[in-house]
Amino acid sequence: MSAQDLLLPYLIHSQLNTRRFGKNIFHHSRVTSTNDLAHDLAKNGAEEGTLVLAEEQTKGRGRLARSWFSEKNSGIYASLILRPKMKPCYAAVLNLAAAVAASEAVEQVCGLASDIKWPNDLLVNGRKCCGILTEMSTEPEEIRYIIAGIGINVNQHQFPQHLRQQASSLLLEGKQRYSRIELLCRLLESFEQIYQELQSGSRAEVMKRWVCRSSYASGKSVSVDLGGRKIHGVTAGLSETGGLHVRMDDGRVEEVLSGDVVAWR
Ligand code: BTN
C-alpha cells in the first residue's frame with residue numbers, strides 16, 4: 001500500500017470542494033471507533049464539519065448494537081461532526097440525507113446504482129456496501145451535536161463467513177478497485193449540499209431525493225423487528241420526521257422510527 005492510497009488529509013484537501021465539511025481532518029491508522037474520537041472532539045468544542053478518519057477500526061460500531069467490519073486500508077471509516085440548528089425530533093432526516101449523499105457519491109465515482117434500505121443502508125445488487133450510524137447529544141429542544149459515522153466497503157476482497165450473505169464491497173460488485181479519496185470527497189460535497197438544504201428548512205426536498213433512490217419507500221412487503229415486537233406490512237412512504245410508514249394487513253399504519261427492516265417478497 002503506497003502513501004497515495006491512504007486517506008491522508010493533504011491528499012483529500014487537494015480534491016475536496018466544500019466550505020466546511022472535511023476542512024478539519026483527524027486521520028488515524030488504527031482506532032477503536034471513529035465515532036468515539038469524534039464524540040470526544042465534539043464535547044471539546046470541535047467545529048462543525050470536523051472529520052475523523054481511520055484506516056482501521058478495532059471496535060467499529062453499527063446500528064442496533066451490531067459491529068462494523070473495518071478491515072485495514074480497504075474501506076472508508078469516517079465520522080463527521082455536525083451542529084444542526086433543528087429540533088431533535090427531525091434528526092432522523094439527517095440520516096436519510098447522509099444515505100442520499102452516499103448513494104450519489106457511489107453513482108458518480110463508481111457508476112454503480114444503489115438502493116437505500118430504510119433508513120440508511122446502501123445496497124448494491126442487494127448486498128450492503130455502506131452503513132451509517134448517527135449518534136447525538138441533545139438538550140430537550142435542541143441538538144448539541146450529531147456524529148454521522150459512515151462506513152463504506154470500498155476495496156474489500158472478501159468478508160468473514162457470517163457476513164457473506166448480506167455484505168459486499170464496491171470492488172466485488174463493480175469488479176474493480178476504486179479511489180477511497182475520490183469517493184470520500186464526492187460524499188462530503190454531496191452531503192454538505194443536502195445538509196445546507198435541510199438547514200434552510202427543505203426537509204421535504206431531501207425526503208423526495210431519498211424516495212427517488214429507495215425501493216423501500218413504498219409498496220415493499222417488509223417485516224420490521226422493533227426490538228422484541230415484529231410487524232409485517234407494506235411500506236407507505238415517509239413520515240414528516242423521516243420515519244417509515246408501514247401499512248399492516250388490518251389497514252393500520254405504523255410509523256417506524258427505529259428498527260431492522262427486512263424485505264420478504
Ligand atoms: C450500520 O449500518 O449498522 C452502521 C455502520 C456504521 C459504520 C461506521 S464506520 C465509521 C463510524 N465508526 C463506527 O464505529 N461506526 C461508523
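Computed from a prediction, not measured in an experiment: that's the story for all the values here. Counting starts at 1 for both ligands and their atoms, in listed order.
- The contact set between ligand 1 and Gly62, taken as ligand atoms under 4.0 Å from a residue heavy atom, comprises 1 (C), 3 (O), 4 (C), 5 (C).
- Looking at Ser103, its side chain never comes within 3.5 Å of a backbone N or O of Ala101 through a donor-acceptor pair.
- From the protein, the heavy atom lying nearest to atom 8 (C) of ligand 1 is Gly151 N, 3.6 Å.
- The closest approach between Arg66 and ligand 1 stays at or above 4.0 Å for every heavy atom of the residue.
- At the top of the distance list for atom 9 (S) of ligand 1, counting protein heavy atoms only, stands Gln57 NE2, 3.4 Å.
- Not one N or O on the side chain of Arg30 forms a donor-acceptor pair closer than 3.5 Å with the backbone of Ala54.
- The aromatic rings of His39 and Tyr145 sit perpendicular to each other, their planes meeting at more than 60°, with 30° as the lower class boundary.
- Checking only distances, Tyr77 never comes within under 3.5 Å of ligand 1, N or O to N or O.
- Counting atoms of ligand 1 from 1 in the listed order, those under 4.0 Å from a heavy atom of Ala78 are 10 (C).
- Taking atom 3 (O) of ligand 1 as the reference point, the nearest protein heavy-atom neighbour is Arg63 N, 2.6 Å.
- When non-hydrogen atoms are compared, ligand 1 lies under 4.0 Å from neither the backbone nor the side chain of Leu64.
- Note on Arg144 versus Glu139: salt bridge recorded, some NZ/NE/NH1/NH2 to OD/OE distance being below 4.0 Å.
- At under 3.5 Å, a nitrogen or oxygen of Arg61, whether backbone or side chain, sits near a nitrogen or oxygen of ligand 1.
- Because its NZ or CZ atom is not both nearer than 6.0 Å to the ring centre of Tyr90 and within 45° of the ring axis, Lys87 does not count as a cation-pi partner of that residue.
- Ranking protein heavy atoms by distance to atom 5 (C) of ligand 1, first place goes to Trp68 CE3, 3.4 Å.
- Protein heavy atom in closest approach to atom 2 (O) of ligand 1: Lys128 NZ, 2.6 Å.
- Proximity of a side-chain donor or acceptor of Arg186 to a complementary backbone N or O of Val109 within less than 3.5 Å is not detected.
- Using a cut-off of 4.0 Å between Lys/Arg side-chain N and Asp/Glu carboxylate O, Arg63 and Glu135 are scored as not salt-bridged.
- Residues Thr32 and Thr58 have side chains that never bring a donor and an acceptor to within less than 3.5 angstrom of each other.
- A salt bridge links Glu104 with Arg209: the distance from a Lys NZ or Arg NE/NH1/NH2 to an Asp or Glu carboxylate oxygen falls below 4.0 Å.
- Between the side chain of Asn153 and the backbone N or O of Leu170, no donor-acceptor pair lies under 3.5 Å.
- The ligand atoms of ligand 1 that sit less than 4.0 angstrom from a heavy atom of Asp121 are 2 (O).
- Looking at atom 10 (C) of ligand 1, its nearest protein heavy atom turns out to be Thr34 OG1, 3.2 Å.
- Near Gly60, meaning under 4.0 Å from one of its heavy atoms, ligand 1 places the atoms 14 (O).
- The distance criterion of under 3.5 Å between nitrogen or oxygen atoms is met by Ser33 with respect to ligand 1.
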